[in-house]
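Encoded as structure tokens, the structure appears first; notes follow it.
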Amino acid sequence: MGAWAIAVHGGAGVDPNLPKERQEEAKRLLTHCLDIGISALRSNLPAIDVVELVVRELETDPLFNSGRGSALTDNGTVEMEASIMDGPKRRCGAVSGLSTVKNPVSLARLVMDKSPHSYLAFSGAEDFAKKQGVELVDNEYFITEDNVGMLKLAKEANSILFDYRIPTIGTCGAGAAAMESPLQMNGLPISVYAPETVGCVVVDKEGRCAAATSTGGLMNKMTGRIGDSPLIGSGTYACDLCGVSCTGEGEAIIRSTLAREVGAVMEYKGLNLHEAVDFVINNRLDEGKAGLIAVSKNGEVACGFNTTGMFRGCATEDGFMEVGVW
């Protein structure tokens, strides 16, 4: 029997001027989600069940960019995506282009458990959801007043609004001074925005790792755009060594297969979890901006980011618990 560990995130890249009340609201939600996960782990729930449970909670709360509160497309609608992965046999499920599924992460779980496939998208995913009897809601359920205002700003600026990403190097418990820097995506300029992807990683007492990630994507994104969150190996990855969930500039995360890289350098370079996370953040993102949370089969937990901050929280069986933004 090993030791369990859990980490959650609500996105990398935080506005340096984010009001204190908003920071505290985010910390309360992350703490609440950690408490749910800790209780489940103490009840010996498998890691795969815990990550689904926690991400469902994050999708239900409109604070972050997943489920209710998702970013809006250029048409003013919501297109959500999510993925989940079970480390022991590397089973996985992913969905994209969802507009009526209340909890995308649970549909991703059903793709993994109840279909012969690993990834379903758009009308095919919605049809599968209906056949599986998952809870469906009107697209309006996901749309918040804040995000309608954000979309208006994006359209006025004729730009994709991204997250508050003023680049710095950061790790858990440490930060650095913010530096102004022009931001680009695939060589095109982007603006600055707030909410981001959510995710959870868990290792249970049996040493089983799991990961799940869910998002609404980019504000004012092109309809049909798919980011890193549903892509196994990019936004989400779990194996017998670790579980990883990423957040940030999706296109950079996709190019670097960021989540898989953590497991790869552990396997091929013999790095421990903290070394692997540091190596990947510092050497695999090129000019991209992102963050990630990770756990290892040994009960370790780590996070890393090269942005101003990352909404995150983690806890281990020995009583350690931390929730942070910067």
Side-chain angles (χ1 to χ4, degrees), residues 7 9 11-12 47-48 51-52 55 66 80-97 104-105 107-109 111-113 115-121 125 185-186 196-203 208-215 217-218 225-271 273 275-286 288-297 302-306 310:
H9 73 72
I48 190 67
V51 295
E52 180 187 3
V55 172
S66 66
M80 299 166 292
E81 48 198 24
S83 61
I84 192 168
M85 192 165 187
D86 195 11
K89 294 186 178 179
R90 286 183 285 193
R91 298 169 60 246
C92 59
V95 289
S96 283
V105 71
L107 187 62
R109 175 76 184 271
V111 170
M112 179 179 78
D113 288 342
S115 87
H117 306 303
S118 295
Y119 195 164
L120 294 176
M185 180 184 294
N186 286 341
E196 253 287 2
T197 300
V198 304
C200 179
V201 293
V202 167
V203 58
R208 297 171 297 203
C209 298
T213 311
S214 182
T215 191
L218 302 175
R225 181 260 185 183
I226 293 173
D228 67 285
S229 295
L231 300 184
I232 299 301
S234 292
T236 303
Y237 188 73
C239 60
D240 58 344
L241 292 175
C242 63
V244 184
S245 175
C246 300
T247 172
E249 185 184 339
E251 277 64 14
I253 294 170
I254 292 168
R255 290 194 303 270
S256 61
T257 57
L258 197 67
R260 166 59 184 152
E261 281 289 283
V262 175
V265 297
M266 290 178 72
E267 182 176 357
Y268 302 133
K269 292 175 69 71
L271 302 184
L273 184 72
E275 292 169 339
V277 168
D278 288 344
F279 178 85
V280 167
I281 291 295
N282 290 318
N283 296 282
R284 290 294 184 262
L285 278 167
D286 302 319
K289 300 299 168 188
L292 62 85
I293 54 174
V295 292
S296 77
K297 69 175 183 179
C303 69
F305 51 94
N306 64 352
M310 180 168 74

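Index from 1, following the sequence. These numbers come from a predicted model, not from an experiment.
Side-chain N or O atoms of N306 include none that pairs as donor or acceptor with a backbone N or O of G291 at under 3.5 Å.
Between R109 and D113 there is a salt bridge, since a side-chain N of the basic residue sits under 4.0 Å from a carboxylate O of the acidic one. Salt-bridge check for K289 with E249: failed, with every basic side-chain N at 4.0 Å or more from each acidic carboxylate O.
Two residues are said to be in side-chain contact when any heavy atoms from C-beta on lie closer than 4.5 Å; F279 and K269 meet this criterion. Contact of the V95 side chain with the E81 side chain is not registered, since no non-hydrogen atoms from C-beta on lie closer than 4.5 Å. Put simply, the side chain of R208 does not reach to within 4.5 Å of the side chain of I48, judged on heavy atoms. At a threshold of 4.5 Å between non-hydrogen side-chain atoms, the residues R225 and E251 count as touching. Within the 4.5 Å cutoff, no side-chain heavy atoms of T236 are placed close to those of I84. No side-chain heavy atom of Y119 sits under 4.5 Å from any side-chain heavy atom of I232. Inter-residue side-chain proximity for V202 and V295 is flagged as unmet; no heavy-atom pair is nearer than 4.5 Å. Put simply, the side chain of R91 does not reach to within 4.5 Å of the side chain of M85, judged on heavy atoms.
Separating the CG atom in L258 from the CG atom in D228 is a distance of 8.5 Å, to the nearest 0.5 Å. Between the SG atom of C200 and the CD1 atom of I293 there is a distance of 6.0 Å, given to the nearest 0.5 Å. Taken from CG in L120 to CG in L107, the straight-line distance is 7.5 Å, to the nearest 0.5 Å. The distance from the CG atom of L292 to the CD1 atom of I281 is 4.0 Å, given to the nearest 0.5 Å. The CZ atom of R260 sits 6.5 Å away from atom SG of C239, with the distance rounded to the nearest 0.5 Å. One finds the OG atom of S234 at 8.0 Å from the CD1 atom of I253 (value rounded to the nearest 0.5 Å).
If you check the side chains of S66 and S214, you find no donor sitting under 3.5 Å from an acceptor. At a cut-off of 3.5 Å, with distance as the only test, no side-chain donor of Y237 or T257 sits close to an acceptor on the other residue. Checking S83 against T213 by side-chain atom types alone, no donor-acceptor pair falls below 3.5 Å.
Pairing each heavy atom of G227 with each of I254, the nearest pair is C-CD1, 3.7 Å. When every heavy atom of A252 is checked against every heavy atom of G288, the shortest pair comes out as CB-CA, 3.6 Å. The shortest heavy-atom contact between A82 and P230 is O-CB, 3.8 Å. Nearest heavy-atom pair across G243 and C209 is N-CB, 3.8 Å. Between A276 and V262, the shortest heavy-atom contact is CB-O, 3.8 Å. Annotation for A238 and A210: closest pair CB-CA, 4.0 Å, computed over non-hydrogen atoms.
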Practice prompt. Step by step, work out the side-chain contact (heavy atoms from CB on, under 4.5 Å) result for H9 and C303.
Written response: CA-CA 9 Å; H9 73 72; C303 69; over 6 Å; no
Candidate pair M80 and T215, rule side-chain contact (heavy atoms from CB on, under 4.5 Å), full reasoning: CA-CA 6 Å; M80 299 166 292; T215 191; over 6 Å; no
Determine, stepwise, if the pair K297 / C242 fulfils side-chain contact (heavy atoms from CB on, under 4.5 Å). CA-CA 6 Å; K297 69 175 183 179; C242 63; over 6 Å; no
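Under the salt bridge (Lys or Arg N to Asp or Glu O under 4.0 Å) criterion, D240 pairs with no residue, sequence neighbours left out.
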